Engineer: 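Below is a structure I'd like to ask you about.
Predicted, not measured: the structure shown is a model, and the values here were computed from it. Position 1 is the first residue of the sequence, and the numbers go up from there.
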Amino acid sequence: MNIFENHIPNEKVKCNEPLKNHTFIQIGGKADILVHPTTVEEITKVVEIANSHQLPLTVIGKGSNVIIKDGGIRGVTISLSRFDQIEVSGTRIMAQSGSDIIDVSRTALAHSLKGMEFACGIPGSTGGALYMNAGAYGGQIADVIEKATVITREGNVVVIPREEMKLSYRNSLFKMDHYIILDAEFTLSAGDKEEISSKMEELTFLRESKQPLEYPSCGSVFKRPEGHFAGKLIQDCQLQGTRIGGAEISTKHAGFIVNVDHATAKDYEDLIQFIQKKVWDTFQVELETEVIFLGEY
C-alpha cells in the first residue's frame, strides 16, 4: 500500500528501493519507502503522513558523506536530491537543500561573487554541507551562511539565523536537533570573475591531484584531530592499501576509504575500527568519524 497515494505523485515514491543507487559510495541496503519530493508542500506532506502513521523518518541529500548500513532504513526516507533550485539576488544566493554545493559555487562564479570558492570541489548537497559545516582549503560554510529555512519534525516551517546555528568544526545545530533543511541563504561579496575562476581552478587541481576520485568513496572519513592530520597518522601507521572485503584505505590519500570491489557497509565499519585502534595504539590519538552511518544491519 502506498501511504502517499493522492498526496505525492507515484513516480516520486519507491518501495524497497536499494539505497546504494543513491549514495556516492554505492553501498547500502534498501529503504522501505523512498520519497523524492520537489516542493516544500510535498516535503511537509511527507512529514505529516509519516507522523500520522508513526513511521521513523530519515533524510538524505546527495548521499556523499553517508554510509547506509547493509540492512537498509526502516520507515520513510526522504531524498532531497531533486529539491535543487538556486536563485541569486544581488550578493545573496538562495539554494534549496538538495542542490549541489558545487553548483552554488559555480553560480557564484557566474555572477562574479566571491566567498564560495572553497566549495568548488566539495561533493554533496547544500543541506548536507550546512549540516556538517563543510569546509575545504581554508573556507567553510560558517563563513558565508546567512540563514536557513527548515521544517521541524512536527511539520512547522522555521527560519534559523546564522547566530543560532551553533556552527563549529564539522558540526552544527542541525546535527543535534532533528530539522529538515529546506534552503540556505549565503551572503557573498562582489569580486573579479577572473580571480574567482583562477582560485577555483587552483583548488580543483589540488583536489584532483590528491584525492582518489577514480573510485567510489564517502569523502574524508575522519575529522581532523587537534594538532594532527588524520591522513598523515594513518599513512605513518603504514596502513595504505589495507583492505577488508571490498573496502580499501586509499593508496593515493590515506584519509579516504574507497570501494574497490563491491564493499559492504560492514566492510567499511570494520576497516574504520581497525584504523582507529591502530592509530590509538601507535600515537594515542583518537580518530572521530566525519562520515555518518544510517540504517541498520
Engineer: Can you sort out the partners of T264 under side chain to side chain contact (heavy atoms under 4.5 Å, CB included), two or more places apart, ordered by chain and number?
Structural biologist: D70, K266, D267

Engineer: Can you establish whether the number of heavy atoms outside Q273 located under 6.0 Å from its atom CD is more than 12?
Structural biologist: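 Buried by this count: over 12 neighbours within 6.0 Å.
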
Engineer: Take a 6.0 Å sphere around NZ of K30 and say whether it holds more than 12 heavy atoms from other residues, nucleotides or ligands.
Structural biologist: no

Engineer: More than 12 heavy atoms of other residues, nucleotides or ligands under 6.0 Å from CZ of F283: is that the case?
Structural biologist: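 Buried by this count: over 12 neighbours within 6.0 Å.
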
Engineer: Among pairs that include at least one residue of residues 226-245, which meet salt bridge (Lys or Arg N to Asp or Glu O under 4.0 Å), considering only residues two or more places apart or in two chains?
Structural biologist: K232-D236, R243-E248

Engineer: To the nearest 0.5 Å, what is the distance between CD on Q211 and OG on S217?
Structural biologist: 7.5 Å

Engineer: Answer yes or no: is there a side-chain heavy-atom contact under 4.5 Å between I3 and L55?
Structural biologist: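 Yes; the side chains approach each other to less than 4.5 Å.
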
Engineer: Using side-chain heavy atoms (C-beta onward) and a distance below 4.5 Å, is T242 in contact with F274?
Structural biologist: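 SC-SC contact between T242 and F274 confirmed.
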
Engineer: Scan for salt bridge (Lys or Arg N to Asp or Glu O under 4.0 Å) pairs involving residues 104-129, sequence neighbours excluded, and state none if there are none.
Structural biologist: D103-R106

Engineer: How would you list, by chain and number, every residue that makes a ring pair (Phe, Tyr, Trp, His ring centres under 6.0 Å) with F256, sequence neighbours excluded?
Structural biologist: H253

Engineer: Taking the side chain as every heavy atom from C-beta outward, state whether V104 and I86 have any pair of such atoms under 4.5 Å apart.
Structural biologist: yes

Engineer: With ring-ring contact (aromatic ring centres under 6.0 Å, His included) as the rule and sequence neighbours excluded, what pairs involving residues 19-39 come up?
Structural biologist: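 As it turns out, the ring-ring contact (aromatic ring centres under 6.0 Å, His included) pairs with a partner in residues 19-39, which skip direct neighbours, are H22-H36.
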
Engineer: Measure the shortest side-chain to side-chain distance between I8 and V46 over non-hydrogen atoms and say whether it is less than 4.5 angstrom.
Structural biologist: yes

Engineer: Kindly indicate whether the side chain of M176, heavy atoms from C-beta on, has any atom under 4.5 Å from the side chain of K166.
Structural biologist: yes

Engineer: Is it the case that over 12 heavy atoms from other parts of the model lie below 6.0 angstrom from the CD atom of E214?
Structural biologist: yes

Engineer: Identify whether the distance between the nearest side-chain nitrogen and carboxylate oxygen of K12 and E42 falls below 4.0 Å.
Structural biologist: yes

Engineer: Does P161 have any side chain to side chain contact (heavy atoms under 4.5 Å, CB included) partners at least two apart in sequence or in another chain, and if so, which?
Structural biologist: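 By the side chain to side chain contact (heavy atoms under 4.5 Å, CB included) rule, P161 matches E163, E164.
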
Engineer: With sequence neighbours left out, what residues match K277 under side chain to side chain contact (heavy atoms under 4.5 Å, CB included)?
Structural biologist: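 Scan of K277 (side chain to side chain contact (heavy atoms under 4.5 Å, CB included), adjacent residues dropped) gives D281.
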
Engineer: Looking at F229 and P225, what are the two nearest heavy atoms and their distance?
Structural biologist: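 Smallest heavy-atom distance, with atoms named: C-CD, 4.3 Å.
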
Engineer: Side chains of I257 and I275: does their closest heavy-atom pair fall under 4.5 Å?
Structural biologist: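 Of all side-chain heavy-atom pairs linking I275 with I257, at least one is under 4.5 Å.
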
Engineer: Would you give the length of the straight line joining atom CD1 of I93 to atom OG1 of T107, rounded to the nearest 0.5 angstrom?
Structural biologist: 6.0 Å

Engineer: Can you list the residues that meet the salt bridge (Lys or Arg N to Asp or Glu O under 4.0 Å) rule with D143, with sequence neighbours excluded?
Structural biologist: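 Listed in chain order: nothing, the list is empty.
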
Engineer: Output all residues satisfying side chain to side chain contact (heavy atoms under 4.5 Å, CB included) with S97, sequence neighbours left out; order by chain, then residue number.
Structural biologist: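 With neighbours one apart ignored, the set is L80, F83, I181.
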
Engineer: Using the six-membered ring of Y169, assess whether NZ or CZ of R224 lies under 6.0 Å from its centre and within 45 degrees of the ring axis.
Structural biologist: yes

Engineer: Answer yes or no: is there a side-chain heavy-atom contact under 4.5 Å between L57 and I180?
Structural biologist: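 Side chain of L57 against side chain of I180, heavy atoms only: contact under 4.5 Å found.
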
Engineer: Among pairs that include at least one residue of residues 122-137, which meet side chain to side chain donor-acceptor pair (under 3.5 Å), considering only residues two or more places apart or in two chains?
Structural biologist: S99-T126, N133-Q140

Engineer: L109: which other cluster members, linking ILVMFWY side chains closer than 4.5 Å, directly or transitively?
Structural biologist: I196, M200

Engineer: Hey, could you give me the CG/CD1 distance between L167 and I141, rounded to the nearest 0.5 Å?
Structural biologist: 9.0 Å

Engineer: Are H228 and L287 side-chain neighbours, meaning at least one heavy-atom pair lies under 4.5 Å?
Structural biologist: no

Engineer: Would you indicate whether Q54, at its atom CD, is surrounded by more than 12 heavy atoms from other residues, nucleotides or ligands within a distance under 6.0 Å?
Structural biologist: no

Engineer: Cut-off 3.5 Å, no hydrogens considered: what does the side-chain donor-acceptor table look like for residues 288-295, sequence neighbours left out?
Structural biologist:
from, atom 1, to, atom 2, distance (Å)
E288, OE2, K223, NZ, 3.1

